[in-house]
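Every chain is numbered from 1 and lettered A, B, ... according to where its sequence line falls, protein lines coming before strand lines.
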Amino acid sequence: MVALNHGSQRIGPDELVVSLKDVPELSIIEVDHEQRFLRIGAGVSWDELLGAPVDTLVPCLTQAARTVGSHQIRTAGTIGGNIATASPAGDGVCALVALDAVAVLTSPEGQRRVSVEHVATGPKRSVLANDEFIESIEMPIVDGWQAYSKIGTRNAMVISVAGVAVVLSANSNSCRIALGSVGPTVILAEDASAFARDSIDWSTIEISADSLERIGELVQQAATPIDDHRSTAAYRSHSVGVLARRLIERGVQEMRNST
Amino acid sequence: MSDLGIRESSVEGGLGQSPLRPDGIAKSEGAYEFSSDLSADNMLIGKTLRSPHQHARIVSINTAPALAISGVHRIITADDVPGKPTYGLISSDQPVFAADVVRYIGEPIAAVVADDEEICARAIDAIEVTYEVLSALADARLAKDPSAPSIHPDGNVIREQNVITGDIGVVGDVIVEDHYSIGMQDQAFLGLESALAIPDEDGAGVECHVATQWLHEDLGQVAACLDLPESAVRLVLGGVGGAFGGREDLSLQVHVCLLALATGRPVKMHYSRSESFLGHVHRHPAEIWMRHHATSDGMLLKIEAEFVFDGGAYASTSSAVLVNAVTHAQGPYRCENAAVKGIAVRTNNLPCGAMRGFGVVQACFAHERQMDLLAQACGLDPLEIRRRNAMSTGDRLITGQVVESVAPVSEIIEGLSRMPFPEGAGDTEKHPYELPGGAGNTTRPDDVVRGIGYGLSIKNLMYSEAFDDYSTARCQLRNGIVTLKFATAEVGQGFITIAPQIARSTLGLEEVELEVIDTNVGSAGSTSASRQTWMSGGAVEAACLRVRELVYQHVATAEGTDPLVYTIDGTELVNTSTGGRRPMNEVVVGLEFDEEVEYRHRPTVPLDENGQGDCHTAFAFVGHRAVVDVDIELGLVRVVEISTVQDVGRALNPLSVTGQIEGGIAQGLGLALMEEIIQRDGRIMNPSFTDYLIPTIADMPPVIAELIEIPDPQAPMGAKGVGEPPTISSTPAVIAAIQDAMNTAYGSAPHLRRVPLQPSDVAKTVNVGLGD
Ligand SMILES: Cc1cc2nc3c(=O)[nH]c(=O)nc-3n(C[C@H](O)[C@H](O)[C@H](O)COP(=O)(O)OP(=O)(O)OC[C@H]3O[C@@H](n4cnc5c(N)ncnc54)[C@H](O)[C@@H]3O)c2cc1C
């Protein structure tokens, strides 16, 4: 609707806009404590992601939700809309990629599951077929530590210039680092994630300053940012490196302190 | 004529109090009717076709396919303008519709009138225009080169103005210089351009309800383009949602009136946010070089400067903006020798014109950065260098004009130096939301360095250079009620609050009504240049004083005494020879008076070729101190507090003054940190509030304001304009504070010389491969 009102998108006389606003099946939040698993309907708003149970189970998604737009946008905008928009700046997407979440896509032909990382294929392009919609998003409940940080040119209500989500798993001793706004889609920084996994001493829960620097460098290498009116490529890669380093450092420290 | 002595007595809602805005509740409840809310029976909608090219020849326009769409009533182009084909505030150089050449992306070419918005949009798409694209002149520095191709029949140079005075051969012991640039800021008013035009039944005239800053200037320009006598065009002020200079020039006024006259039906036009960016002038981007010479103990000897202002495709008020810049190059500091050069040129960029601060914003950013450089070079504290050079009343400006206004610059500096500092420096418990990066959760207390910076400024009030600047007001007294009539545009600044306060205090009567603000009375001049409290306030006061005089005469005749014995104290008429008192509302029973006054400020003169002459009317002064927290590594900034000491003459409505100060500072902070229209090849890359960022509540810090109230003897009621100063020196104060934090963090850091600042300007020197 925003694009239509703005005039950047037009619909033909025969086309319709279907509202998904009041579809109860899309508004679910289901927790499976046994399987350590969470399902969120595509129609769940940012505002609903700020509170229980999401805030304690997947805090990095809550933190991402907190950075989205203003209160009005967080009340109207949904997580499904964020994924379908297929923007590399999607804050929810960045958190979901770090969480290794899967989108459940439904069409008259049935359902398929696509990892959120692979729903977007480029800026504003996705695997969604014309007759297909996102029904829900499924993600594991990870024990450990997770967070999302985002840079913008003002202190709130701003589209991301760079975003980083980090999920540290205490069960599998693993790490996932996702990067927003530094490529055509949200990127999973695989080398940096693997290096972080290997360089954290999981028994003492410590990491060296050198390893943190190296993670920053690897994250910068994973980034393929562009210059645009919001920022420069150089600043974007600089800042994702800094954010990743800070988050891993913070995460390791907080995990250690909580044990 | 001001009689300050008796104004302090109490009339409910009189001067010095803070009665609420008459439209305040409606505005906060969403019930206020802005011009975009206007409608009329049988109304049609109009929309503008705009140029997609920066510079092109129009080969042909085919409207037939658009006219064929059902619901489209008319399409008008340059051929349909019956009167003058061009308009403009100072020179009439801008076409109502481009006829042969388009000179910027967004220039109007045609207007459609149709049943609704959607049909209009389809019709706009269906108009076929063939262009021959011409090479564009996008760089102001190239445009001034005499060999550059001329993009307008009037040439590329809008005005050149130098200010040369004293011994320009003087060389200082200490010399500092640098180049500065200021990006293009938008007024970003929330109420978008809109108007409703209603044709007279006989088609001989039109009434236009419009959100504007200056009804009578619009009237003159619109009537000329419509080829109608001014008496056949009536302008009525529609609800204005902010202006900041962006509504001084015409936007849709002529278009909507033409469409209404062409169809014989009411027509409404209203811009979207993205169209609004194309539909009004902006703050001039400027390139400035400055060199300051001083003695080793920091006394200013000479200022050298060069200003290049990009006026965009049409002149608008560029020439007056340039004059303000070159004549304010010294800031609020004494300096006897100056060699200042300035030029404003046309380019194929968006037209630029008035915006809050009007040329002084650009000059102030440069002179305040320079004062900090000078302080550093002389080993002085930033306040100390300013204290040593502070101007005072009676000093001569570089234009030769003597500052007759109250000039409390030293008092401002003292006030700033006494202000306590905010707590929280080094606070390790601060929530990330309160740190740089805010909601983005980027920063922890350890990442933060605090900085402090100052900015001072001088700003002229009212119009300059021999402009016949006046305001008209009418005061009627009937049935014990005072009714005021004026054409003063209320754009949010609060004249509709102040005017009744003036009447109440002058006449001792509490019941004051305001008539519709329209052109059925003489001009009030523009709501700009911080002038309406002084000018329209002066006119209202003068009209009320005349009525009061008539009341005195009436009572004196009845009592067989001299009118001079009377005075008003609060709500009572006092006979000063007998001490007798009577309530004014009883005194005026049965009296009817109706007085209209034109108020003029003292005359000014144009500058000569060396920039000499008493070109300005009066001046106001202000100082700002910014305290910032900076995440040095990421270049993110949180402004912690801005304190200010402002010379206001007299605060007629303290709450209103505070509102101007806080709002103006927000706009100055916006220019420092985020507000810029980014153009690439003349196209706006960020034409929405998603990407044209203005400060949010998370960016705007608490403001601590101290007012200096020394009534100015030349100002009606002693009150100076307060609207522009807050915007002007808050920008360099914020930048200086960031510089201070960078200097602390890096030992020494590159001098910041461009606004808005980018995070990368601050993070640049971090050794992480960004290079310099
Ligand atoms: C002022 C403003 C600020 C914003 N700030 C941010 C921000 O800070 N961070 C951020 O990430 N985003 C931001 N956005 C973008 C966007 O609003 C949000 O990402 C939001 O989540 C979109 O959700 P929606 O339900 O409103 O989707 P809509 O805007 O209604 O739809 C967006 C697209 O997704 C499609 N779509 C919606 N739901 C589904 C579904 N279930 N299945 C398939 N397709 C679907 C629609 O067809 C459309 O193409 C902002 C937008 C605005 C207008």
Which one of [options] has the most heavy-atom pairs closer than 4.5 Å to chain A?
options: B:R273, B:R444, B:M685, B:E118; result: B:R444
options: B:L636, B:N441, B:L757; result: B:N441
options: B:S688, B:S274, B:G440; result: B:G440
options: B:N686, B:L435, B:I697, B:D125; result: B:D125
options: B:D699, B:L673, B:V637, B:I678; result: B:D699

Salt bridge A:E249-A:R246, side-chain N to carboxylate O under 4.0 Å:
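The answer is no: the pair does not qualify as a salt bridge.
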Would you say the side-chain atoms of [X] pair up with the backbone N or O of [Y], donor to acceptor, closer than 3.5 Å?
X: A:S87; Y: A:A89; result: yes
X: B:T731; Y: B:G668; result: yes
X: A:E48; Y: A:S45; result: yes
X: B:D631; Y: B:T443; result: no

Check your understanding: Is it the backbone or the side chain of B:F689 that comes under 4.5 Å from a heavy atom of chain A, or both, or neither?
Key ->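 Only the backbone of B:F689 comes within 4.5 Å of chain A.
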Taking only heavy atoms into account, what residues of residues 149-170 of chain A are found under 4.5 Å from chain B?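 A:S149, A:K150, A:I151, A:G152, A:T153, A:R154, A:N155, A:A156, A:M157, A:V158, A:I159 fall under the 4.5 Å cut-off.
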I need the contact set between residues 61-72 of chain A and chain B: heavy-atom distance under 4.5 Å, sorted by residue number.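 Listed by number: A:Q63, A:R66, A:T67.
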With sequence neighbours excluded, residues passing side chain to side chain contact (heavy atoms under 4.5 Å, CB included) with A:I205: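 Testing A:I205 for side chain to side chain contact (heavy atoms under 4.5 Å, CB included), a comparison that skips the adjacent residues, returns A:V252, A:M255, A:R256, A:T259.
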Requested in this report: Could you tell me whether B:D115 atom CG has more than 12 heavy atoms of other residues or ligands within 6.0 Å of it?
Outcome: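 Yes, enclosed.
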task = Could you list all the side-chain hydrogen bond (donor to acceptor under 3.5 Å, both in side chains) pairs where at least one residue sits in residues 668-677 of chain B, not counting sequence neighbours?
result =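 Counting only pairs at least two positions apart or across chains, the side-chain hydrogen bond (donor to acceptor under 3.5 Å, both in side chains) contacts touching residues 668-677 of chain B are B:Q185-B:E675, B:E675-B:Y692, B:E676-B:R754.
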Going through the distances and angles, do B:S276 and B:E193 end up as a side chain to side chain donor-acceptor pair (under 3.5 Å)?
CA-CA 7 Å; B:S276 174; B:E193 287 88 347; 2.8 Å; yes
Is any side-chain heavy atom of [X] less than 4.5 Å from a side-chain heavy atom of [Y]?
X: B:S36; Y: B:L192; value: no
X: B:V449; Y: B:Y746; value: no
X: B:L634; Y: A:Y235; value: yes

Please flag which part of A:D91 lies under 4.5 Å from any non-hydrogen atom of chain B: side chain, backbone, both or neither.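 Interface part for A:D91: neither.
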